[in-house]
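Values reported hereafter were calculated over all heavy atoms of this structure, with side chains retained and with hydrogens, waters and symmetry mates removed. None of the values given here were measured: they were computed from a predicted structure. Order of the sequence lines fixes the chain letters, A, B, ..., with proteins taken first and strands second; residue numbering starts at 1 for each chain.
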Number of protein chains: 4
Amino acid sequence: MDEARLLITCPDRPGIVAAVSGFLYAHGANITELQQHSTDPEGGTFFMRLAFTLRHLDLSRPALERAFREVVAERFAMAWRIAYASERKRVAVLVSKPAHALLELLWRYRVGELPMDLRLVISNHPHHREEVERFGVAYHHVPVAAGGKEEAEERMLALLEAGGVEVVVLARYMQVLSPRFVARYPMRILNIHHSFLPAFAGADPYRQAHERGVKLIGATAHYVTEELDGGPIIEQDVVRVSHRHSVAEMRRLGRELERTVLARAVRWHLEDRILVHGNKTVVFV
Amino acid sequence: MDEARLLITCPDRPGIVAAVSGFLYAHGANITELQQHSTDPEGGTFFMRLAFTLRHLDLSRPALERAFREVVAERFAMAWRIAYASERKRVAVLVSKPAHALLELLWRYRVGELPMDLRLVISNHPHHREEVERFGVAYHHVPVAAGGKEEAEERMLALLEAGGVEVVVLARYMQVLSPRFVARYPMRILNIHHSFLPAFAGADPYRQAHERGVKLIGATAHYVTEELDGGPIIEQDVVRVSHRHSVAEMRRLGRELERTVLARAVRWHLEDRILVHGNKTVVFV
Amino acid sequence: MDEARLLITCPDRPGIVAAVSGFLYAHGANITELQQHSTDPEGGTFFMRLAFTLRHLDLSRPALERAFREVVAERFAMAWRIAYASERKRVAVLVSKPAHALLELLWRYRVGELPMDLRLVISNHPHHREEVERFGVAYHHVPVAAGGKEEAEERMLALLEAGGVEVVVLARYMQVLSPRFVARYPMRILNIHHSFLPAFAGADPYRQAHERGVKLIGATAHYVTEELDGGPIIEQDVVRVSHRHSVAEMRRLGRELERTVLARAVRWHLEDRILVHGNKTVVFV
Amino acid sequence: MDEARLLITCPDRPGIVAAVSGFLYAHGANITELQQHSTDPEGGTFFMRLAFTLRHLDLSRPALERAFREVVAERFAMAWRIAYASERKRVAVLVSKPAHALLELLWRYRVGELPMDLRLVISNHPHHREEVERFGVAYHHVPVAAGGKEEAEERMLALLEAGGVEVVVLARYMQVLSPRFVARYPMRILNIHHSFLPAFAGADPYRQAHERGVKLIGATAHYVTEELDGGPIIEQDVVRVSHRHSVAEMRRLGRELERTVLARAVRWHLEDRILVHGNKTVVFV
């Protein structure tokens, strides 16, 4: 729990690793994980994630961050942030009728696989209240009436704000969020789409997959942007199907995929393993 | 080698299995494999593949086929055919510069994994002649000049006809075939497309995949129809990639996929395991 | 729900399919699925699973079974049984501390993915009572004291008998069952072992896997026999690991595998898709 | 081609990354890849692989290595080495009758996927001479007579020495190498075993797999040690099988696996991506 993570994006040039690791070493921060990626060593973009322990730090956290900015970050024109494992992210889950993805998150939350502070669940259906409250999590039913999306989103944003929510997970939430809503949580809304994107974006992807006669079906976790099902992909997986699988059976198989793929993406987000660059992700796992 | 395969498509209704298996038993044909599929037991379409041995047949092949038509097929309004393992299909491979899919087919052909009579290889490039001729297979270089596609296709069709070719395999052949060409080999031209269709149809799919930032890349074997990359899918597979994979590395990984997926599809076609229905396939493996 | 399944094992010889399908057709049983397998067409063993609808049956169920025995089964020396989808199997789950496999079964049961009558859960720990009772299922805590296994098994067998249990699922039940217990439910006790058997049988397989440095870890669902982790394998799957995975992380990944693999095996058992032959299974999916 | 790779194993303690990256930066070596792993930040073992460009190096290679030893390596008690991409490793392939793994390596070698200097192929069979020589590689037939293994190994060692061979790849070489032979190439002999080790070590693993009734078959690439099929595992993969797969069909499927798994392991070895620690590998991919 005394782990911190430093995430960096900057123009690539020699000396970055030396500068960052030298700085951390000088202040007693022991590096436990280090991953880096460069799109091109000549003139590309450089990404890095370092995990380090705070135990022997010779500075306070604010002093560390200030010193890092002055000594290292400005020199290399870095976009950067430090996240602390002890400050668990405050999360809200949005869900419609199908409960499988929600339940998967709740269960993993309970056994400690998802290091978050799950503040609330919002649904446009009343069904999951009992289930959610059993896990000690607040449940809010925010119906979306025809023509009432703006009002519903207002209510939801108020709930998110009241809960201090930092991350929103769409666990099969079937309403399209407005650009205004999305803009409030840039690269902090995760969605699970039940197809192998970019194939079968939009509605009823299993039916689309069945009609096209594909031999694998997939699920995609991605950040939500203004473009429907078009945001940066975090994780994908597939499962084999054949002519014998009806749409209903694809849905059954797909539920397994959706649960697993979303849970992975959420965990990586919570552990600060994802850097977004343009419309793509760098995932350090 | 004394195996025959009976393939049936017909409206579903009670009694088909009993009629077909009863007929075969009565004539000494011992069933060794039987697979069936129904899109819907009430009013759907019924598909069946039976493999049987000819050893104890009490009729000649033509007599068997005639009797089957009269006694069984007409009663159930069947589309059907019988194929004999001893009559290996005559195959041509079309290929452009990348040799990996061609080589895979040649190797598997030589070790007996692909029960075909490989008559010729046609390429719009001269490069693979030596390699192909080593395997004892004729190589024809048919360049496609700008504006000269019709002429090239004429030459190719003449070569295919002269070779008595029944099946055409596009092992990374980069020219789009004309509808006229395709119509000559309906559901008998197999192509390998280097993406997980329907995602990334068209040109340079690995570049498209890289730009979209997908986490899996795929390959798709399908029958060629008039619609580019739109024909019935036979087989697909995927491999995991990450931000670390450049387009070139995706191509390297993709080569493995393409080889495997195409080889599977070709084998299934040669073993009469594929039934086409609308724009989809029933593959009995 | 008016589906029946006929499962057959017998010496292979010509005419079986014709006899069985002819019999069913004659009595108004419409075949909806048919799968067969032969270890060797000459002198091998023949396996078949037929699903058929009872709607237009011209006999009662007992009369159908009697007629089948007399007209078909005896002629071909068949081991056979007919199962009816409407008669859902009565199931008990045995579990120790880890709850993931149990919860997976409960969820799938509730959403209708597992067509069973879940009568009771037995655990040597008291922990899961609340969770299980929420699903409307009886929970029995049967502790196993040192030297008290025989007594505990007596209690468990009494509970199973009182519940009319036909199938026992070990969802990470950490006690080895005695041969006497096993003999009461031959090929009707399913276990999930957290390794890719036959590798890492016995205790703490993730630790064994970590020590051996394997690059994939697995899970295996199998029928329980007298030989520990040695019974017929029903289903297996694997997930990739690397040097970065500690034993704890292997356990986390393994939980996903165990849940999925066990759920598949249980569903196949409930749908009468598994035939056991020697120490192997024929699974018709 | 002006890439170098620095591989380090040492006791873990703070400051290693800073010292190494600072050293390289000071001498104009631009880091392009950096991966590290620690078995335990407190008292564990630390592994690192750095790739860097030599273009702007301010020292000769020998001077760089000497300086690294004195300034960094001794301070941290490192086991280390620097490998240069331009110095392609000299490789020999040993093979028996089955050619698939050999051909895979030859083909990848030719298209540039395996950056090695393939000096010779040795076989206890004469069959593959023509094939190998076509690729411009020397072929040596060294039969192993009954009781003549020692003599055969002497001949093989002489050939390897004459070729300056650094790495030996067993591409389905069916003779067990003596401890004496193995000791000459410690962690430099790679083998492909046709099972998912540790399951089915020893002879005829596909038959063993068939008899046990597993639902997945595998292949394992590992370093050869004195213990048969017991050396550090480099890579593994599996493919799904069912009751329908005979031993012959498992062999056919297995060939695909063996080719792919061995090719991956060889490439990783050639690119200096593998560190051996005890009986396990750290593979930085």
Side-chain angles (χ1 to χ4, degrees), chain A residues 35-40 44-45 47 49 195-201 205 208-223 229-247 261 264-265 268 273-285, chain B residues 35-40 44-45 47 49 195-201 205 208-223 229-247 261 264-265 268 273-285:
Chain A
Q35 286 148 301
Q36 57 120 58
H37 172 64
S38 178
T39 57
D40 185 344
T45 302
F47 306 88
R49 179 186 188 271
S195 85
F196 182 80
L197 288 175
F200 313 131
Q208 292 183 58
H210 190 261
E211 273 162 22
R212 182 61 187 90
V214 291
K215 302 300 185 185
L216 299 165
I217 55 170
T220 303
H222 63 94
Y223 286 114
D229 301 329
I233 293 171
I234 302 167
E235 172 63 341
Q236 305 187 286
D237 217 335
V238 293
V239 68
R240 192 158 282 277
V241 293
S242 77
H243 59 269
R244 289 176 294 115
H245 291 83
S246 63
V247 174
V261 169
R264 269 184 231 153
W268 295 340
R273 298 189 174 278
I274 311 174
L275 283 162
V276 175
H277 183 62
N279 202 41
K280 294 160 69 168
T281 60
V282 170
V283 182
F284 286 127
V285 285
Chain B
Q35 286 147 301
Q36 56 121 60
H37 172 64
S38 178
T39 56
D40 185 345
T45 302
F47 305 89
R49 178 186 188 270
S195 85
F196 182 77
L197 288 175
F200 313 131
Q208 292 183 60
H210 190 261
E211 273 162 21
R212 182 61 187 92
V214 289
K215 301 299 187 187
L216 299 165
I217 55 169
T220 303
H222 63 94
Y223 286 114
D229 302 328
I233 292 171
I234 302 167
E235 173 63 342
Q236 305 189 287
D237 217 334
V238 293
V239 67
R240 192 159 281 278
V241 293
S242 78
H243 59 270
R244 289 176 294 115
H245 291 83
S246 62
V247 175
V261 169
R264 269 184 231 152
W268 294 341
R273 297 190 174 278
I274 312 173
L275 283 162
V276 175
H277 183 62
N279 201 41
K280 295 160 68 168
T281 60
V282 170
V283 182
F284 286 127
V285 285

Scanning both residues in full, the closest heavy-atom pair of Lys215(A) with Glu235(B) reads CG-CA, 4.0 Å

Salt bridge or not for Asp237(A) and Arg240(B), using N-O below 4.0 Å?
-> yes

Top of Thr281(A), Val214(A), Leu197(A) for chain B proximity - count of heavy-atom pairs under 4.5 angstrom | Val214(A)

Give a yes or no on whether the backbone of His210(B) and the side-chain of Lys280(A) come within a donor-acceptor separation of less than 3.5 Å.
-> yes

So which of Ser242(A), Pro232(A), Gly230(A), Ser38(A) has the largest heavy-atom pair count under 4.5 angstrom toward chain B?
-> Gly230(A)

Under 4.5 Å to a heavy atom of chain B? For Phe200(A) that would be side chain

Heavy atoms, side chains only, cut-off 4.5 Å: are His243(B) and Leu275(A) in contact?
-> no

Rounded to the nearest 0.5 Å, what separation is found between the CG atom of Asn279(A) and the CZ atom of Arg212(B)?
-> 5.0 Å

Of the backbone (N, CA, C, O) and the side chain (C-beta and beyond), which part of Gln208(B) lies under 4.5 Å from a heavy atom of chain A, both, or neither?
-> neither

Roughly how far, to the nearest 0.5 Å, is CZ of Arg244(A) from CZ of Phe284(B)?
-> 9.5 Å

